Structure formats: C-alpha cells, structure tokens
Amino acid sequence: MEDAEPRLLDLLRAELRKRHYSLSTERTYVHWVVRFVHFCGLRHPRDLGGPEVEAFLSHLAVDRNVAASTQNQALAAVLFLYRDVLGIELPWLDEVTRAKKPKRLPVVLSRVEVESLFSQLPADQALPARLLYGSGLRLMECLRLRVKDLDFERQELMVRDGKGGKDRMTMIPRSLLSPLRRQLEEARALFSADRLADVAGVYLPGALATKYPNAPIQWPWFWVFPAARLSVDPRSGLERRHHDVAARLQRAVRVAAGRAGLVKPATPHTLRHSFATHLLQGGYDIRTVQELLGHADVSTTMIYTHVLNRGGRGVISPLDL
C-alpha cells in the first residue's frame with residue numbers, strides 16, 4: 001500500500017478539485033481516507049467494501065466516541081472515494097453503529113451582551129464581527145467577500161457560493177456603510193501595492209480564472225478583508241494575497257468574550273445565531289429570516305423560535321403570581 005497510497009490520494013485530490021471542492025474539504029477528505037486505509041491494515045480500498053466501511057464507521061462511534069457530525073464527515077469522504085474516484089457503488093450500510101446526535105439549542109447573546117463583546121474587540125477585528133451580527137453571515141462568507149459583492153446604494157451584499165453552493169442577498173447595516181468604505185480604502189492600498197510588485201492575482205474558484213483571465217488582478221475581485229501578508233497558494237504554488245484567516249477572528253472573539261465577562265461560550269457563529277433570534281424578536285417573519293440566513297428548509301430556521309421563549313417555555317412560575 002505504500003506505493004499505491006500516494007497515487008490514490010493524488011486521484012482523490014484531482015477529483016475533488018475537478019468538482020471545485022474547497023481546500024478545507026479536500027484536506028478533510030484526504031484525512032479520513034488515510035484514516036480508513038490505516039484502519040484496514042493499509043489494504044487498497046479497491047480490495048475492500050461495505051463490511052470494512054461499516055466496521056470503520058462503527059469504530060469511530062463506539063471506540064473513538066466521535067460526534068455524529070464527525071462520523072457523517074468520515075462517511076462522506078469514504079463514499080466520495082468509492083463512488084467518484086474508484087467508480088465502485090457500495091451496498092447500503094445498514095450495520096453501522098450511528099453516533100448519537102444531541103439536540104442542542106444555539107447559543108444566543110442578548111443585545112447587551114453583543115455590545116459588551118464588541119466593546120472588547122480589537123479595532124482590526126471589530127468590523128468583520130459586526131458584519132457577522134449585522135448581516136447574519138457565516139464566518140467564511142464574511143472573509144470571502146469581494147469588493148464587487150458590496151452594493152452601497154442598495155445597502156445589500158451578495159454572498160457567493162455559500163453553504164450548499166448557493167448565492168443569496170442580505171443587508172448591509174446602515175451603521176457599517178462608512179466603516180466598510182474605510183475598509184475598502186485600506187484594501188485598495190494593498191491592492192495597489194500588489195499590482196506595483198507584480199504579485200499574482202487573487203484566487204478565483206473553479207473555472208472563473210480561465211473564463212476571466214484578467215479578473216484576478218482587477219479591483220472588483222479583490223478581498224474586502226485581505227490578509228496583511230502574502231502566502232503561498234497550496235494548490236498552485238503561487239505567492240498571492242489571500243483573505244484574512246478565520247483563526248484571527250475566532251481568537252479575537254474568544255478573548256473579547258472573556259474580557260467582557262460573558263459566561264456563554266461565544267464564537268463568531270454565535271453572532272449569526274443572535275442575528276436570527278433578534279430579528280424574530282423584532283417581529284420579522286420566519287420566511288424572511290430564512291432567506292437572509294440562506295437556509296434551504298424553514299425547519300432549520302425554526303430552531304430560533306425555541307430560543308425566543310422565556311425560561312420554562314414561557315410559563316410564569318406560580319411563585320411570581
């Protein structure tokens with residue numbers, strides 16, 4: 001398997017890139033395929049089948065005690081390997097021991113807690129954090145924004161290729177119009193410096209770079225939140241400017257929550273949860289909130305209605321009567 005494994009992984013990466021999967025998904029799938037191969041004693045997956053896949057997934061749930069989402073991630077990676085790389089259809093995996101998926105309500109901050117969190121954020125991370133809360137964006141949706149995605153006149157922004165590969169429109173908070181314009185001025189300075197230094201253009205997904213060969217070096221395609229430093233693209237090997245890294249905002253929110261004295265486990269995604277809940281509290285209908293969040297099914301958005309109730313499902317304690 002030592003000689004076959006690198007070849008197998010090369011085929012896996014090529015197939016993922018042909019289907020325009022993200023780099024993070026590519027790394028995740030490679031990780032799980034390697035785990036699967038090692039679990040099966042370095043035998044080639046072509047010589048394995050449904051029983052081995054079932055044993056691997058059950059091992060993750062029973063012996064490794066992984067979360068349901070982690071087991072599903074491993075299953076998706078192995079199924080992709082067999083179906084799209086090896087061209088093998090696996091039988092139904094009926095004997096898999098499923099990891100239990102706990103039913104948890106999202107963590108939601110009050111408006112006071114949100115403002116307290118914002119007051120402790122460093123200046124360079126305050127704007128993207130406010131945009132997460134003010135527009136209901138996911139973390140990577142915010143960091144992947146490009147200049148052309150902002151429409152200041154209509155106070156709208158376009159989320160391109162969001163979760164599930166969908167585009168959607170959401171609002172730009174009026175209070176963030178001026179800060180965003182200042183952010184674009186700073187981004188423009190980096191863009192101009194890159195052009196003078198003849199730095200490779202920004203990354204474009206899929207076939208866009210082929211379809212629009214000059215787009216990577218054009219201002220409309222530049223990042224709203226560019227990284228301060230250049231980095232080497234792991235796929236092309238080119239040194240270029242990427243968008244800011246997610247870890248910086250994640251760390252900033254965690255530190256700010258501690259300084260603000262919040263007892264809730266606040267993360268950047270908590271701001272998206274708070275956005276949805278506060279809109280529903282403000283009287284907006286759930287279908288509107290569903291569209292702004294980009295949920296495919298309204299049942300996903302319905303979870304926020306549970307957070308709206310007061311403690312004890314909104315029931316008034318007899319002690320307070």
Side-chain angles (χ1 to χ4, degrees), residues 16 19-22 24-26 28-29 32 57 60-61 66-80 83-84 90 92-94 96-110 114 131-145 149 154-173 205-206 246 250 264-310 313-314:
L16 287 164
R19 286 167 168 75
H20 311 312
Y21 281 64
S22 69
S24 60
T25 301
E26 177 183 317
T28 299
Y29 276 30
W32 284 117
L57 296 173
L60 294 177
V66 302
S69 58
T70 304
Q71 188 189 43
N72 288 334
Q73 195 181 71
L75 172 61
V78 174
L79 288 181
F80 183 90
R83 182 184 63 245
D84 298 299
L90 291 177
W92 288 103
L93 306 176
D94 296 324
V96 175
T97 301
R98 290 288 183 178
K100 293 182 179 180
K101 187 174 184 178
K103 294 183 178 179
R104 293 197 176 98
L105 294 178
V107 175
V108 173
L109 303 179
S110 68
V114 169
L131 202 54
L132 296 181
Y133 173 66
S135 303
L137 302 180
R138 297 178 178 92
L139 174 56
M140 294 311 297
E141 290 173 347
C142 176
L143 296 181
R144 288 172 179 160
L145 283 174
D149 297 331
R154 295 176 58 87
Q155 293 184 32
E156 292 179 334
L157 66 82
M158 175 68 79
V159 175
R160 307 276 182 182
D161 196 23
K163 191 173 182 179
K166 296 176 294 185
D167 294 351
R168 75 176 189 279
M169 195 78 76
T170 186
M171 80 285 281
I172 298 177
Q250 290 169 330
K264 297 175 183 176
T267 68
H269 204 67
T270 305
L271 295 172
R272 174 174 158 90
H273 293 322
S274 304
F275 162 86
T277 304
H278 295 169
L279 283 183
L280 292 172
Q281 285 175 337
Y284 291 96
D285 68 275
I286 196 165
R287 291 288 182 181
T288 299
V289 178
Q290 176 194 358
E291 290 181 10
L292 293 172
L293 292 173
H295 288 161
D297 195 318
V298 73
S299 62
T300 307
T301 319
M302 287 285 289
I303 192 172
Y304 297 108
T305 62
H306 298 291
V307 187
L308 290 176
N309 294 328
R310 288 174 291 174
R313 297 183 177 273

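Each residue takes its place number in the sequence, starting with 1. None of these values were measured; they are calculated from a predicted model.
Side-chain contact of Thr267 with Thr270: a donor-acceptor pair under 3.5 Å is present, judged by distance alone. In this structure, a donor-acceptor pair under 3.5 Å is absent between the side chains of Thr300 and Asp297.
Aromatic ring orientation, Tyr29 versus Tyr21: tilted (interplanar angle from 30° to 60°).
Taking CZ from Arg144 and CG from Leu137, the interatomic distance works out to 12.5 Å, rounded to the nearest 0.5 Å. Considering CD of Glu141 and OG1 of Thr170, their distance stands at 9.5 Å, rounded to 0.5 Å. Separating the CH2 atom in Trp32 from the CG atom in Leu60 is a distance of 5.0 Å, to the nearest 0.5 Å. We find the CD1-CG distance between Ile172 and Leu131 to be 7.5 Å, quoted to the nearest 0.5 Å. For the atom pair CG (Leu145) and CZ (Arg160), the distance works out to 10.5 Å, reported to the nearest 0.5 Å. Atom CE of residue Met169 and atom OG of residue Ser135 lie 12.0 Å apart, to the nearest 0.5 angstrom.
When all heavy atoms are compared, the tightest approach of Leu139 to Ala246 is CD2-CB, 3.6 Å. What you find for Gln71 and Leu57 is that their closest heavy atoms are NE2-O, 2.9 Å. Across all their heavy atoms, Ile303 and Leu105 have their closest contact at CG1-CD2, 4.0 Å. Arg168 approaches Glu291 most closely through the heavy-atom pair CD-O, 3.6 Å.
A heavy-atom distance below 4.5 Å is not found between the side chains of Val66 and Gln73. Contact annotation: the side chain of Val107 never approaches that of His273 to less than 4.5 Å [non-hydrogen atoms, C-beta and beyond].
Using a distance-only test at 3.5 Å, with no hydrogens or angles considered, no donor-acceptor pair links the side chain of Gln250 to the main chain of Pro268. At least one donor-acceptor pair under 3.5 Å links the side chain of His278 to the backbone N or O of Leu109. Listed for the Gln290 side chain is a donor-acceptor partner under 3.5 Å among the backbone atoms of His295.
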> Are Phe275 and Leu293 close enough, and set up right, to give a side-chain contact (heavy atoms from CB on, under 4.5 Å), and what steps lead you there?
Replying inline: CA-CA 9 Å; Phe275 162 86; Leu293 292 173; 3.8 Å; yes
>> Evaluate Tyr304 against Leu279 for side-chain contact (heavy atoms from CB on, under 4.5 Å), listing each step before the verdict.
In response: CA-CA 10 Å; Tyr304 297 108; Leu279 283 183; over 6 Å; no
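Under the salt bridge (charged side-chain N to carboxylate O under 4.0 Å, His left out) criterion, Arg272 pairs with no residue, sequence neighbours left out.
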